[in-house]
Amino acid sequence: MINHLMAEIRAGMPAPERRLIETSDGRVISYGDMLGLAARMARSLADLGVEPGDRVAAQVEKSPEVVALYLGCVMAGAVYLPLNTAYTRAELDYFVGDAAPRLLVVDPGRRETVAGIGASAPPTIETLGAAGDGTLMDKAGVAAPGFVPVARGPDDLAAILYTSGTTGRSKGAMLSHENLASNARTLKDVWGFSGDDVLIHALPIFHTHGLFVATNTILFAGAAMLFVRRFDPAEVVGLLRRATVLMGVPTFYTRLLQQDGLTREAAAGMRLVISGSAPLLAETHAEFEARTGHAILERYGMTETNMNTSNPYAGRRVAGTVGLPLPGVEVRLTAEGRVLPPGGIGMVEIRGPNVFKGYWRNPEKTRAEFTADGFFVSGDLGTYDEAGYLTIVGRGKDIVITGGYNVYPKEVESEIDALDGVLESAVIGLPDTDLGEAVAAVVVREPGAAIDDAAIAAALKERLAGYKRPKRILFVDELPRNTMGKVQKATLRQRFGP
């Protein structure tokens with residue numbers, strides 16, 4: 001048996017000397033370079049005791065070497081677990097305890113911070129820096145070349161990505177080799193990728209968007225990437241003349257529109273501009289097309305499924321919609337057990353080779369999230385128009401999507417409610433022209449308490465990643481509730497929204 005995902009990646013690879021990655025400081029990594037480093041990474045993992053099926057967690061800054069680590073995990077038959085670099089020690093402790101990785105890779109500057117983590121089953125800790133330094137790179141530098149990829153089938157796990165859950169604790173979505181391969185294969189075809197494409201890669205690579213949607217699709221097409229460590233609108237505008245594709249979140253486009261250099265001339269060589277991970281405002285869509293001549297292509301995906309729908313590459317792109325189901329992916333809307341016709345609003349349910357295998361060590365939650373006929377219940381509410389275009393109209397799970405990242409209110413509320421002086425809180429998303437939605441906390445003080453927004457913000461700084469922390473903290477005498485005692489967050493959004 002071959003290594004399923006690696007075999008597909010190899011099939012798309014061009015000549016070894018062809019460019020895969022070019023960094024902002026001028027480094028060029030060829031396909032041959034990347035394949036060789038990934039093989040040495042795989043050998044290093046094996047030497048560290050990582051066996052097929054073991055988890056390898058990584059909380060590291062973006063670099064070409066992290067792509068090699070991901071591919072090395074695939075080669076070694078390990079399960080790659082990327083973690084947001086903004087996670088605090090407390091958050092990281094939960095992920096390590098839940099996933100029980102054999103190896104944890106962190107930035108060299110974080111090694112002391114994570115010392116002693118996972119006390120019941122502590123992982124081996126290695127380091128990997130943004131400059132290609134660290135103990136793991138030292139080991140890879142002397143590792144024997146020519147690692148033979150471990151046999152892995154289509155249903156074997158390739159990655160676990162943590163996503164928000166209804167309990168407020170993140171759940172690990174288990175993604176198989178074929179989950180990742182099928183989506184990259186499909187996106188390459190429907191978005192028209194070829195070896196001539198050059199992608200401006202300004203996304204983080206601990207997220208499904210930057211790692212699997214962007215990087216895997218490029219690898220399958222044999223294309224190249226201009227690797228930007230962090231999104232900088234001026235830098236991205238400067239790269240447009242050297243690229244053919246840009247993938248981003250709505251925040252990218254609102255900030256690009258603030259750049260004087262964003263013109264039709266600058267974008268003349270581009271063929272495709274894609275937005276996802278959060279809703280794009282129709283005004284942003286219209287203004288971007290007016291400035292550049294390019295209609296942004298919106299699509300719809302999630303951690304558990306990668307991409308599900310897309311506006312067409314060659315056909316009509318409808319602002320505010322996320323387009324049509326991808327080939328091989330079924331997307332239906334249901335309400336009260338029946339499938340809805342166009343015009344009805346219902347729960348988005350998805351079935352296809354892209355849909356994950358379930359939640360890590362959580363069979364009860366997995367059963368609850370799938371229908372009897374195998375559809376994944378997304379938690380999103382949508383409606384189809386007569387032409388078959390899907391519009392996402394709400395989220396049944398109340399997740400806030402800010403700057404492309406999911407924030408589950410319960411997690412933030414739990415931290416706020418634990419503070420002295422707080423009686424209770426409700427976390428909501430409020431419209432934000434830059435982030436799409438901004439996290440806002442509505443707080444009820446205990447009688448006589450003097451806690452203020454600065455004190456709450458300071459307390460949360462050590463407990464939550466920056467994107468989860470409220471941008472606005474509002475105080476009320478009591479939270480609105482319905483007759484069943486449930487907090488009416490829609491009322492709060494109406495009260496404090498625009």
Side-chain angles (χ1 to χ4, degrees), residues 1-13 34-35 37-39 41-46 50-60 65-83 95 98-105 147-163 170-188 204-221 301-308 328-329 352-362 366 376:
M1 185 172 66
I2 62 174
N3 185 296
H4 184 74
L5 181 54
M6 203 63 222
E8 292 232 25
I9 290 173
R10 283 178 178 272
M13 284 187 174
M34 180 58 70
L35 204 60
L37 179 55
M41 282 284 193
R43 173 65 64 193
S44 300
L45 297 179
V50 174
E51 299 180 353
D54 282 347
R55 278 73 60 207
V56 174
Q59 189 188 37
V60 288
E65 288 74 21
V66 180
V67 177
L69 173 59
Y70 158 57
L71 294 176
C73 286
V74 174
M75 286 185 174
V79 180
Y80 186 58
L81 171 55
L83 295 168
F95 296 121
D98 190 62
R102 174 65 63 91
L103 176 67
L104 172 62
V105 184
F147 186 87
V148 178
V150 172
R152 296 275 94 180
D155 289 331
D156 285 318
L157 293 190
I160 294 176
L161 267 62
Y162 275 83
T163 184
S170 295
K171 307 180 299 297
M174 300 185 292
L175 297 162
S176 72
H177 279 241
E178 178 60 9
N179 288 153
L180 302 183
S182 68
N183 218 231
R185 193 187 309 129
T186 297
L187 296 179
K188 176 180 76 74
I205 53 174
F206 51 72
H207 189 277
T208 186
H209 194 171
L211 184 59
F212 298 143
V213 178
T215 305
N216 277 354
T217 302
I218 290 297
L219 288 169
F220 272 53
M302 59 186 62
T303 301
E304 291 95 336
T305 63
N306 288 313
M307 295 303 100
N308 303 306
V329 180
N354 58 313
V355 176
F356 74 134
K357 313 308 289 184
Y359 292 112
W360 173 255
R361 291 181 172 172
N362 201 335
T366 299
F376 170 60

**Student:** So, does Asp156 use its side chain to make a donor-acceptor pair with the main chain of Gly77 at under 3.5 Å?
**Tutor:**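 No; zero donor-acceptor contacts below 3.5 Å.
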
**Student:** Considering only heavy atoms from C-beta outward, does the side chain of Phe95 approach that of Gln59 to under 4.5 Å?
**Tutor:**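 SC-SC contact between Phe95 and Gln59 ruled out.
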
**Student:** Looking only at non-hydrogen atoms, find the nearest pair between Gly210 and Ile205 and report the distance.
**Tutor:**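 Heavy-atom minimum between the residues: O-CG2, 3.9 Å.
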
**Student:** Side-chain contact test, heavy atoms from C-beta onward, threshold under 4.5 Å: evaluate it for Asn179 versus Glu304 and give yes or no.
**Tutor:**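 Contact flag for Asn179/Glu304 side chains = no.
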
**Student:** Does Phe356 have any ring-ring contact (aromatic ring centres under 6.0 Å, His included) partners at least two apart in sequence or in another chain, and if so, which?
**Tutor:**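 Phe356 satisfies ring-ring contact (aromatic ring centres under 6.0 Å, His included) with Tyr359, Phe370, Phe376 only.
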
**Student:** Keeping the roles fixed (side chain from Arg102, backbone from Asp54), state whether a donor-acceptor pair exists under 3.5 Å.
**Tutor:**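 Between the backbone of Asp54 and the side chain of Arg102 there is no qualifying donor-acceptor contact (under 3.5 Å).
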
**Student:** Does some side-chain heavy atom of Leu35 sit less than 4.5 Å from a side-chain heavy atom of Arg10?
**Tutor:**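 Yes; the side chains approach each other to less than 4.5 Å.
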
**Student:** So, do Asn216 and Asn306 sit near enough that their side-chain heavy atoms are less than 4.5 Å apart?
**Tutor:**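 Heavy-atom side-chain distance check fails, nothing below 4.5 Å.
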
**Student:** Hey, could you give me the NZ/CG distance between Lys171 and Asn362, rounded to the nearest 0.5 Å?
**Tutor:**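 If we round to the nearest 0.5 Å, Lys171:NZ and Asn362:CG are 7.5 Å apart.
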
**Student:** Answer yes or no: is there a side-chain heavy-atom contact under 4.5 Å between Met302 and Thr163?
**Tutor:**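 Sidechains of Thr163 and Met302: no contact.
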
**Student:** Less than 4.5 Å apart, side chain to side chain, heavy atoms only: is that true for Glu65 and Leu37?
**Tutor:**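 Answer yes - side chains close enough.
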
**Student:** For Phe212 and Tyr80, I'd like to know if the aromatic rings sit close, meaning centre-to-centre distance below 6.0 Å.
**Tutor:**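 Not close enough - the centres of the two rings lie 6.0 Å or further apart.
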
**Student:** Could you give the distance from NE2 (His4) to CD1 (Ile9), rounded to the nearest 0.5 Å?
**Tutor:**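 Separation between the atoms: 10.5 Å.
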
**Student:** One pair to check against side-chain contact (heavy atoms from CB on, under 4.5 Å): Val74 and Leu180. What are the steps and the verdict?
**Tutor:** CA-CA 11 Å; Val74 174; Leu180 302 183; over 6 Å; no

**Student:** How far does CZ of Phe220 sit from CD of Glu8, to the nearest 0.5 angstrom?
**Tutor:**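 The distance works out to 4.5 Å.
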
**Student:** Where do Arg152 and Pro52 come nearest, in terms of heavy atoms and distance?
**Tutor:**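 It is NH2-CB, 3.7 Å.
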
**Student:** What's the shortest heavy-atom distance between Phe147 and Ala39, and which atoms?
**Tutor:**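 Heavy atoms of Phe147 and Ala39 come nearest at CB-O, 3.5 Å.
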
**Student:** With sequence neighbours excluded, what pairs up with Lys357 under the side chain to side chain donor-acceptor pair (under 3.5 Å) test?
**Tutor:**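 With sequence neighbours excluded, Lys357 shows a side chain to side chain donor-acceptor pair (under 3.5 Å) to Asp155, given in chain and number order.
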
**Student:** How many angstroms lie between atom OG1 of Thr303 and atom CG of Leu161, to the nearest 0.5 angstrom?
**Tutor:**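 If I round to the nearest 0.5 Å, the distance is 6.0 Å.
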
**Student:** Hey, does Cys73 have a side-chain heavy atom less than 4.5 Å from the side chain of Leu45?
**Tutor:**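 Yes; the side chains approach each other to less than 4.5 Å.
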
**Student:** If I compare all heavy atoms of Val150 with all of Ala76, which pair ends up nearest, and what's the gap?
**Tutor:**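 Looking at all heavy atoms of both residues, the shortest contact is CG2-O, 3.5 Å.
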
**Student:** Taking all non-hydrogen atoms of both residues into account, name the closest pair between Ile2 and Ala7 and its distance.
**Tutor:**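 Shortest heavy-atom separation between Ile2 and Ala7 comes out as CD1-CB, 3.5 Å.
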
**Student:** Can you check whether His207 reaches Val213 side chain to side chain, under 4.5 Å on heavy atoms?
**Tutor:**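 Answer no - side chains too far apart.
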
**Student:** So, the side chain of Arg361 versus the backbone of Asp98: is there a donor-acceptor pair under 3.5 Å, distance only?
**Tutor:**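 Looks like yes, one N/O pair under 3.5 Å.
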
**Student:** Over all heavy atoms of both residues, which pair between Val50 and Leu103 is shortest? Give the atoms and the distance, please.
**Tutor:**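 Closest approach of Val50 to Leu103, heavy atoms only: CG2-CB, 4.1 Å.
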
**Student:** Keeping Thr305 on the side-chain end and Asn354 on the backbone end, is there a donor-acceptor pair under 3.5 Å?
**Tutor:**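 Flag not set: sc Thr305 to bb Asn354 has no pair under 3.5 Å.
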
**Student:** Examine distances only and state if a side-chain atom of His177 and a backbone atom of Leu5 form a donor-acceptor pair shorter than 3.5 Å.
**Tutor:**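 Present.
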
